[in-house]
Novice: 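Pasting a structure here, questions to come.
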Amino acid sequence: MEISQIIVNSLIRGAELSLLAIGLTMVYDILGFANFAHTEFAAFGAFLGFTFNSLLGINLLLSVVLAALLTGLIGILLDLSIFEKLRARNAKTLTMMIITMGMGIAIRNISRLIWTSSTKNFPMPLLQPLKILGARITRVQLGILFIAAISMVAFHLLLHHTKFGKALRAISDNKELARASAIDSAKMVQWMWFVAYSYAVIGGTMLAIEHLLYPRLGFDIIIPVFCAAILGGIGNPYGAVLGALTLGFAENVIISLDFGPLFSLGGLFDVGSLQLSTGYKPAISFMILILVLLIKPTGILGEN
Amino acid sequence: MLKIENIEKSFGQLKAVNGVSLEIEKDDIFGLIGPNGSGKSTLFNIISGFYRKDKGEIYFDGERIDDLLPNQIVERGLCRTFQVSRAPERMTVLENMLLAAKNQVGENPLNALLKRPMVERSRKKNLKKAKELLSELDLFHLKDEYSGNLSGGQKKLLALGRIFMLEPKMVLLDEPTAGVNPTLTNNILKGMQNLREKTENSFFIVEHDMGVISDVCRKVFVLNSGEILAEGSPEEIQQNDKVLDAYLGRN
Amino acid sequence: MKKSLVFIISVTLLISSFMSFGTMANEGKPIKIGLLVPMTGTQAVFGQDMLAAAKLAVEETNEAGGVMGRPLELIVEDTETRPSPGMNAAKKLIEVNDVPILTGGFSSGVSMPIAEYAQKQGVPYLLAVPTSPDFRHVGKNILSVTVVDTFKGKAVADFAVEDSGKDEYALMFMNNAFGQKLMEATEDSLEELGAEVVTKVSYELGKVDYKAELRRLFKNDPEAVIGTWYSKEGLVTIKQAYQLGLVNPGEVPWYVAEVTTSFADALKEVPEALTGIKGLDPLEPKQLFSKKFEEKTGDKPVTAFAAQYYDAVRMIAMAMNFANSTEPEAVRKALFNIDDWYRGVSYGGDKRFDEDGMQAHAAFRKVIIEDGELVDYKVD
Amino acid sequence: MPIANFTIYLFTMFGIYALFAMSLNLQVGYAGLVNFGQVAFFALGAYTSALLVVKAGLPIAVGIIAGMLASGFFGCLLAWPTKSLKSDYWAITTLAAGEVIRLFALNEKWLTEGPFGVMNIPQPLEGLIDKYYNIFYFIFVLIVVAVVYMLLSMLTDSPFGRNLKAIRDAEDLSKSLGKNTQKIKVQVMAIGGLVAGLAGAIFAHYMVYISPENFRPLETFLIWGMIIVGGRANNRGAILGAVVIQTFYVSTRFVGNYVPIGSDLMSAARMIVIGLLMVSFLIFRPEGLLRERKKTYPDEV
């Protein structure tokens, strides 16, 4: 495959995953637990957007924004009704993690109950691809890259030019201090859920638009998203973006590599072409995850 | 007995411990004081193997220990407590004591299944010792209470009790009386001294309460900004100008 | 401990009471047969369709006087497209509901253990959809209304070679029992016809991204593509193939083993991407069933599987009437007697069994997709 | 006797799930190691035993033991790179590992028969006992559950079990008391693996057929539901949880006969209930139905 095609594919995959990984890494960092329901809410939000768009006939962009806001609100509500209480009770991260897992199972099946298991397809014009520098890319994919870029710039501005962003970074830098200081951390945490889930919905919708929308979508991307977040170093949103892009690249390269020459030991044996079975594609992110954990568990951008 | 040479440790930009050297002899109580953020806890964490040093060497009983894991350091007889006492939520006080006992046969899962009589014998022995220690520390009445439910002071006493189950050669105590009411503080100090006399081991105490230090310690080290500022007897320290400026002067 | 004991006992009582309800109802009038349908899990999409067809068959049977003068009733159990729940379902049907015969099923992987179990229990199982050739050897109680994979593989290979005259083929089949057997059969037939298979791609079900698989498929520059999909996977694959610029049936023709199954969704969602793709579908004589089905449900049957479910239920009802009994062995034997009489609606309608209870005949319809419609196709 | 058969089948499955849940309980309840991929151990036990018996023609007992060992070894292997990391990473790694094992079973046809699954798995003593085989197998499972329960109780009551709880409640304390926590974690993953592997092997020889479809992540969630509802750090809780959740799961089948609700909806509703049960138990009754028992030492000295 052309190297330009690999880059384009990796960019698209990375863009979709990063919007999901940003929120995951924030919550993980500030609250100290891995949220296993994160990607499930992304899928749920995508379903909401789909409903607004194709059933109520609202414009697609507006539908996605509405769905993102709504899912963000759900995030706030869940924090108020569940996580805040558990934090007050000093519940262990283990408890929190299992709760999110249970929540994920429930959300996934609520989507199934409402929208059934059958797949949904965002109404998008099906067009032959454009050719840019030898790589094929569709208009929809270009749109996805564009929106992802805008979302990331917006996130950067949010982090550096708002009171919320400053407070968030302060807490991230020194959790003990932030708890003692006057920063209204409860309110900040709720904003954080809002942002995390809103971004997750944008990412989830982009995935659904490019591929398909179905209730198990959230579960199917949980490992790559976690992998991206850990690869980038937990708590570092820029790292998450970098991690997502790296993962996207690794997935595309490994699946198209021909290991034949490697195992023929310089032509000694004829093993023909030896490629990783595409059935193992979901395992690539796992392998990378294990490698990262073995070599540098703090991620590429993390400190030791 | 414990010899620290030129230990350095940084967290990102911050140099927490910057070239600390000190030596502690056998069979006595030593103190380490310093203001908040002076690197006391970091130093303790390095000695006990919880943090990796960046540079320097540590010797205990003539053996180099700065590359060992925490449990390996404990095996050599150097034990520690924590500033914020750890107290397992769902383990009773007595279980806490039994947990600390050294070299239990039943810690190996195979032994636990196959060598039942030996496990039983070692359990009886440890149980006896644990109960005695609890009585001495005045915790016996709480033996079946979950350690998570104890008060801060009681947790510190329990931490001391656990340490003595381990029969260490040297103990690192991280602020053993911080946030504890005066009666319990006395209990803790008394218990510490009693036990030390019986077992002839050494103590190295981090404290910010000068009173506690001067009561029990023979020699005190003062740490400031990651460096040793002064060392000497409590009296000498209290009259040292540098120390007064840097630390006591603020009080 | 006491508490848990009390609990266990009450649970047992609860379950038994449920079950006794089941048996009490069993002594009532209707004659019950067990239907295994995947209503959840990876193949849930087809479940509704097949169930509706089976219900239509029951309705028609009852309008025509029922079975031995008694109404026919389906007991429907969900296999969840997973072996364990599938087994639970079959056990419940046989052991609790005491049905004399099972039918339905979908994936061979799910139905295989059920078949083994039914064989042991002496309860006939008339397979409606599963097509693995291995069912032939399970035992006398296992019968089928559909043709095995070897038939289908040969049919699609013949069609492709005859129509395109190409020599180098790339195959893309799902990684489950059905897909793999079909791929084997297709490959064998192609090689017999002197053609070569240059690439084989097995894809995992339920994924949303088959770009890597598609790139593999075209890696060795095949002259034609043969494959089959389930509805959801078919939609993703064809969408992405189209977006990658890989669908040009004028240059590299595509042949699909089961068109409606593969593209039920794609025909609705992305008809433009399918134009020019050719393939096979089980021949439904005169489309009578589809018309009835549409009248009844308002929709056309999504796939040809519906017709197979319909056939299975009608054949069982007829066999019971022939045997004038619901005794399992009698029904099984009667199934071999009705097959000359019954005109089915799937695979051309000839439902004669061979000595192993498998189908011996099948007729396919050759189609080409134009503007989202299946158009009859004739090889020149 | 059809109903009796079905009941015996249900109770046999209770037993298999009870073993499975106890294995998870040891890791989660006692040692606090979050394992979201327990189904991988179950699958390894099942496949190893099935393949050795079917393909290599080894005796069933050898197959079962090999299944346990394979699964226990996998526990070590998985624990090795993660042993020094926070428990969150365990959760993710194990979740992913569970899927990798299933993908392996699905893709390596030369070994596992891929999607076809392994068929005609022999059953112990199947020629000898004919009519009452169900009852025989049920009793066999019952005995295994009892033995495993006893052994696990011995373990969790021992100093080893105490070390596990200490790692769960205060890992750095255990380190400061000289416990080699990394080694203990590897040990507990291995033991949990052995038990899950045993459950898997028994399952394989009971079902006579296994395929990758048997080992979807759903199974892991079910046993999580079992130990959270039944009670963590309590082996009786795990058994009770297995009975409760499995009963709930199977009984929805019967409800479907009386309440007109689509089967897809029913299955979704069923999983919603299990998810919500997990959440609400952790909030309102975190200790589960049977709480962890306080260990006291009566005055005997």
Side-chain angles (χ1 to χ4, degrees), chain A residues 1-2 5-6 8-9 12-13 16 43 109 112 116-131 135-141 207-217 219-221 224 248 251-256 258 272-273 275-284, chain C residues 38-49 80-81 172 174-175 199-220 230-248 264-266 268-275 302:
Chain A
M1 187 175 24
E2 305 255 340
Q5 187 68 53
I6 292 187
V8 164
N9 293 342
I12 296 166
R13 175 83 168 155
E16 290 160 349
N109 286 285
R112 234 172 102 191
T116 74
S117 308
S118 67
T119 49
K120 308 280 181 287
N121 202 5
F122 272 90
M124 281 281 154
L126 190 72
L127 297 168
Q128 291 273 10
L130 309 168
K131 266 202 155 187
R136 295 166 198 275
I137 184 164
T138 63
R139 277 165 234 265
V140 173
Q141 289 170 329
L207 271 165
I209 287 177
E210 209 209 336
H211 309 305
L212 272 184
L213 180 57
Y214 60 104
R216 234 189 51 223
L217 172 70
F219 188 73
D220 281 349
I221 50 172
E251 280 184 346
N252 278 295
V253 168
I254 293 175
I255 211 74
S256 45
D258 190 345
S273 95
Q275 283 188 305
L276 186 71
S277 156
T278 51
Y280 282 117
K281 201 177 165 204
I284 295 176
Chain C
M39 300 301 291
T40 45
T42 44
Q43 302 317 328
V45 201
F46 300 122
Q48 295 291 350
D49 204 39
E80 299 177 33
T81 332
M172 181 165 177
M174 59 284 258
N175 193 9
T199 321
K200 286 195 286 178
V201 173
S202 306
Y203 60 91
E204 170 112 352
L205 292 173
K207 295 281 170 255
V208 290
D209 188 353
Y210 293 117
K211 290 201 277 285
E213 284 82 352
L214 283 165
R215 267 184 231 111
R216 278 286 162 85
L217 188 69
F218 281 87
K219 202 181 67 153
N220 296 327
Y230 291 138
S231 186
K232 183 184 134 195
E233 290 78 8
L235 173 57
V236 184
T237 308
I238 203 67
K239 216 171 112 180
Q240 294 185 333
Y242 191 76
Q243 287 173 345
L244 288 169
L246 298 174
V247 190
N248 303 305
D265 282 333
K268 272 185 281 166
E269 307 266 357
V270 289
E272 63 270 40
L274 294 168
T275 299
V302 178

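Order of the sequence lines sets the chain letters (A, B, ...), proteins ahead of strands, with each chain counted from 1. For clarity, every value in this text was computed on a predicted model and none was experimentally measured.
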Novice: List in chain and number order the residues that pass side chain to side chain contact (heavy atoms under 4.5 Å, CB included) with A:D220, two or more places apart in sequence or in another chain; answer none if no residue qualifies.
Specialist: A:Y214, A:R216, C:K207
Novice: Please classify the contact of C:E272 with chain A as side chain, backbone, both or neither, using a heavy-atom distance under 4.5 Å.
Specialist: side chain
Novice: Non-hydrogen atoms of chain C under 4.5 Å away: do they reach the side chain of A:E251, the backbone, both or neither?
Specialist: neither
Novice: Would you compute the distance between atom CD1 of A:I6 and atom CD1 of A:I255 and round it to the nearest 0.5 angstrom?
Specialist: 11.5 Å
Novice: Which pair of non-hydrogen atoms, one from C:Q240 and one from C:Y210, has the smallest distance, and what is that distance?
Specialist: OE1-N, 2.7 Å
Novice: Under a 4.5 Å cutoff for heavy-atom pairs, which residue among A:Q141, A:R136, A:H211 has the most contacts with chain C?
Specialist: A:H211
Novice: Please rank C:L244, C:N175, C:V236 by heavy-atom pairs under 4.5 Å with chain A and give me the top one.
Specialist: C:L244
Novice: Could you grab the distance from atom NZ of A:K131 to atom CD of A:Q5, nearest 0.5 Å is fine?
Specialist: 9.0 Å
Novice: Which bit of A:P123 is near chain C, if near means a heavy-atom gap under 4.5 Å: side chain, backbone, both or neither?
Specialist: neither
Novice: For each of C:K268, C:R216, C:E269, tally heavy-atom pairs with chain A at distances under 4.5 Å, and name the one with the top tally.
Specialist: C:R216
Novice: Could you tell me whether C:D209 and A:R13 make a salt bridge, using a distance below 4.0 angstrom between a side-chain N and a carboxylate O?
Specialist: no
Novice: Against chain A, label C:Y203 side chain, backbone, both or neither, depending on which of its atoms sit under 4.5 Å from a heavy atom there.
Specialist: neither
Novice: Does any backbone or side-chain atom of A:T116 lie under 4.5 Å from a heavy atom of chain C? Answer side chain, backbone, both or neither.
Specialist: neither
Novice: Please examine the side chains of C:Q243 and C:V270, heavy atoms only from C-beta on, and report whether any two atoms are closer than 4.5 Å.
Specialist: no
